[in-house]
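Inspection log for the structure reproduced underneath, given as structure tokens.
None of the values given here were measured: they were computed from a predicted structure. Note on naming: letters A, B, ... go to the chains in the order of the sequence lines (proteins, then strands), and numbering restarts at 1 for each one.
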2 protein chains.
Amino acid sequence: MLRRSEQAPPQAAILLATGPVRYFAPNCCIYMASDAAEALFKVVSGVVRTVRFLQDGKRQIDAFYGSGDVFGFERGAAYTLTAEAVSRCTVISYNCKGLDVLAMHNPALTRQLYVYTLDGLGRAQAHAKLLAHAGATGKIAGFLLECSAASGDEHTITFAMARQDIADYLGMTVETVSRALTELRKAAFIDLISSREINLKNVAALRSLNS
Amino acid sequence: MLRRSEQAPPQAAILLATGPVRYFAPNCCIYMASDAAEALFKVVSGVVRTVRFLQDGKRQIDAFYGSGDVFGFERGAAYTLTAEAVSRCTVISYNCKGLDVLAMHNPALTRQLYVYTLDGLGRAQAHAKLLAHAGATGKIAGFLLECSAASGDEHTITFAMARQDIADYLGMTVETVSRALTELRKAAFIDLISSREINLKNVAALRSLNS
DNA sequence: CGGTTTCTTGAACGAGGTCAAGTTGTGTGG
DNA sequence: CCACACAACTTGACCTCGTTCAAGAAACCG
């Protein structure tokens with residue numbers, strides 16, 4: 001998650017240029033599951049999460065999106081997930097119908113959409129890998145590495161999200177997240193600068209934990 | 001998984017028409033992780049799995065593909081997963097470079113690829129939902145519902161895959177899979193006709209377990 | 001500075017993993 | 001067609017790890 005899209009071809013500018021810009025405060029809803037899927041979104045700044053609410057009241061986070069990432073892709077006519085702002089954030093929305101019309105005349109745009117979807121696919125597969133990975137410490141290690149790769153900074157991570165968000169993303173409880181982090185700190189693999197800021201001291205060790 | 005692609009637009013025929021057909025015996029390797037990602041594949045008959053092998057020797061199954069499904073999509077130049085035949089199966093391979101050339105002149109084909117990728121995305125998200133879902137019985141219930149949706153037959157499922165495959169797909173052990181199935185049988189939600197054939201007696205109950 | 005939320009830590013419990021044995025199923029050769 | 005060998009599946013007993021419940025510490029905000 002938070003993986004920065006690789007440098008986008010010129011065509012991507014179309015997406016950036018044409019849609020209205022919108023601002024959201026933390027925890028604000030961008031769209032709801034079952035809403036008509038009329039727009040794609042591109043994150044300009046801040047972090048967005050897509051969420052699923054289960055019958056028993058539990059919450060699952062499907063993905064986090066950082067600047068440059070595009071979200072809102074749907075196979076059907078309605079969103080299957082809810083999108084919310086994690087931090088204060090800015091997104092560009094792009095109307096799908098308009099996009100379709102444009103794509104008719106612009107194969108390169110269609111191709112660009114295809115590549116963004118591939119990004120999402122890789123992201124979802126990496127997420128499944130983390131979830132299937134037995135062991136709380138390994139999951140957290142993998143999550144930290146994802147964050148590190150997304151931020152660009154190899155060694156310092158600044159979380160936009162709370163512990164509860166991390167827990168719901170990894171399918172565990174806040175308590176276990178906390179314990180796993182202190183365990184990694186005691187092993188001297190990381191430093192907990194503050195609750196939202198972490199220093200990776202031994203990336204190789206984290207990588208081996210994650211497999 | 002095993003979700004049958006919704007009826008493909010005419011353009012899909014391009015994919016079907018142009019590539020060489022290949023046959024695989026059970027457990028045969030179709031491509032390996034780190035191989036050059038030169039082809040997409042479409043399943044004609046049988047079932048295929050994509051697999052990830054972890055350092056500790058454990059195996060994760062990323063997805064199952066049944067007839068009509070397309071697999072082999074990659075963001076980069078190499079496959080990140082290994083594809084293997086679950087049962088004896090027939091697939092059509094399609095060279096990616098040729099596809100690129102075609103797509104230049106055929107926006108509809110590019111769009112079709114885009115839709116197939118959306119399929120994969122939805123599949124991966126559903127998988128993540130299952131994996132994050134705490135509770136062995138709930139996971140199995142969700143898996144059975146996926147299989148039922150894929151097969152078309154609402155009530156009878158015939159597995160192509162072994163228990164170990166199910167376990168590696170759901171991130172649990174064979175023993176737990178077995179126990180969860182007998183639990184569902186004792187609750188009279190399913191009938192175990194044989195080890196590879198299951199009858200869903202109470203779909204509503206399964207659905208509520210899965211949430 | 002007080003109040004609220006977030007984060008961490010502790011203790012007890014329970015679901016799932018592990019190890020081991022038994023059962024069923026399948027394919028092969030006599 | 002049966003006997004045998006091997007693989008797949010099921011079941012049981014035990015133990016580990018993560019959840020749950022509860023309390024305390026730290027950060028955030030009015």
Side-chain angles (χ1 to χ4, degrees), chain A residues 25-27 49 54 56-61 86-88 130-144 157-187 190-198 209, chain B residues 25-27 49 54 56-61 86-88 130-144 157-187 190-198 209:
Chain A
N27 299 312
R49 64 174 173 249
L54 305 181
D56 59 7
K58 291 190 175 162
R59 187 182 75 151
Q60 289 182 2
I61 292 184
V86 172
S87 60
R88 172 165 171 62
L130 266 190
L131 287 169
H133 192 281
T137 318
K139 283 188 192 178
I140 291 289
F143 178 76
L144 294 178
I157 298 171
T158 305
F159 289 133
M161 69 289 282
R163 293 284 185 277
Q164 186 66 58
D165 286 323
I166 301 174
D168 291 345
Y169 180 70
L170 297 176
M172 46 203 238
T173 60
V174 257
E175 292 94 329
T176 307
V177 171
S178 205
R179 277 187 256 270
L181 282 172
T182 46
E183 190 179 334
L184 289 176
R185 180 180 52 74
K186 284 179 182 166
I190 62 173
D191 266 342
L192 294 166
I193 302 170
S194 77
S195 76
R196 296 291 183 102
E197 200 170 0
I198 287 183
L209 275 179
Chain B
N27 300 312
R49 63 175 173 247
L54 305 182
D56 59 7
K58 292 193 175 161
R59 188 182 73 150
Q60 290 182 1
I61 293 185
V86 173
S87 59
R88 171 164 171 65
L130 265 190
L131 286 169
H133 192 281
T137 318
K139 282 187 192 178
I140 291 289
F143 177 76
L144 293 178
I157 298 170
T158 305
F159 291 133
M161 70 287 285
R163 292 284 185 277
Q164 187 66 59
D165 286 324
I166 301 175
D168 291 344
Y169 180 70
L170 296 175
M172 47 203 237
T173 60
V174 257
E175 293 94 330
T176 306
V177 171
S178 204
R179 278 187 257 269
L181 283 172
T182 46
E183 192 179 333
L184 289 176
R185 180 180 53 73
K186 284 179 182 167
I190 63 174
D191 266 342
L192 295 166
I193 301 169
S194 78
S195 76
R196 295 292 182 103
E197 198 171 0
I198 287 185
L209 275 179

Margin query: If I take atom CG in residue L170(B) and atom C1' in nucleotide dG17(C), what distance separates them, rounded to the nearest angstrom?
Written below: 15 Å
Next item on the list: Measure from NE2 on H133(A) to P on dG18(D) and round the result to the nearest Å.
Entry: 11 Å
Checklist line | Under 4.0 Å protein heavy-atom contact, by nucleotide of nucleotides 25-30 of chain D - B base, S sugar-phosphate only | finding: ------
Check: Tell me, do M172(A) and I140(A) make a side-chain contact under 4.5 Å, heavy atoms counted?
Finding: yes
Next item on the list: Could you grab the distance from atom NZ of K186(B) to atom CG of L181(B), nearest 0.5 Å is fine?
Entry: 12.0 Å
Note to self: In whole Å, I'd like the distance from the CD1 atom of I140(A) to the P atom of dC17(D).
What the structure shows: 17 Å
Check: Any side-chain heavy atom of I198(B) sitting closer than 4.5 Å to one from D191(B)?
Finding: no
Item checked: Neighbours of DNA chain D within residues 174-184 of chain A, by heavy-atom distance under 4.0 Å -> E175(A), T176(A), R179(A)
Next item on the list: Compare the minimum distances between each of dT19(D), dC7(C), dC9(D) and the side chain of R163(B), then state the nucleotide with the smallest one.
Entry: dC9(D)
Note to self: The criterion is salt bridge (charged side-chain N to carboxylate O under 4.0 Å, His left out); which residues satisfy it with R59(A), sequence neighbours excluded?
What the structure shows: D165(A), D168(A)
Next item on the list: For K186(B) and dG12(D), give me the distance from atom NZ to atom C1', rounded to whole Å.
Entry: 11 Å
Next item on the list: Calculate the interatomic distance between L192(B) atom CG and dT10(D) atom P; express it in whole Å.
Entry: 7 Å
Note to self: Any heavy-atom pair between the side chains of S87(B) and M161(B) that's under 4.5 Å?
What the structure shows: no
Check: Without hydrogens or angle criteria, can the side chains of R88(B) and N27(B) be said to hold a donor-acceptor pair below 3.5 Å?
Finding: no
Notebook entry, point to check: Contact class for G138(B) (heavy atom, under 4.0 Å): base, sugar-phosphate, or nothing?
Noted result: nothing
Note to self: Tell me whether K139(A) contacts the main-chain N or O of L130(A) through its side chain, where contact means a donor paired with an acceptor under 3.5 Å.
What the structure shows: no
Checklist line | Whole-Å gap separating P (dC7(C)) and CZ (R185(A)) | finding: 16 Å
Item checked: Distance-minimising heavy-atom pair for T173(B) and A167(B) -> C-CB, 3.6 Å
Notebook entry, point to check: Taking side chain as C-beta onward, heavy atoms only, is L184(B) less than 4.5 Å from L209(B)?
Noted result: yes
Notebook entry, point to check: Can you check the D56(B) CG to dG17(C) C1' distance for me, whole Å?
Noted result: 14 Å
Next item on the list: Measure from CD on Q164(A) to C1' on dT20(D) and round the result to the nearest Å.
Entry: 14 Å
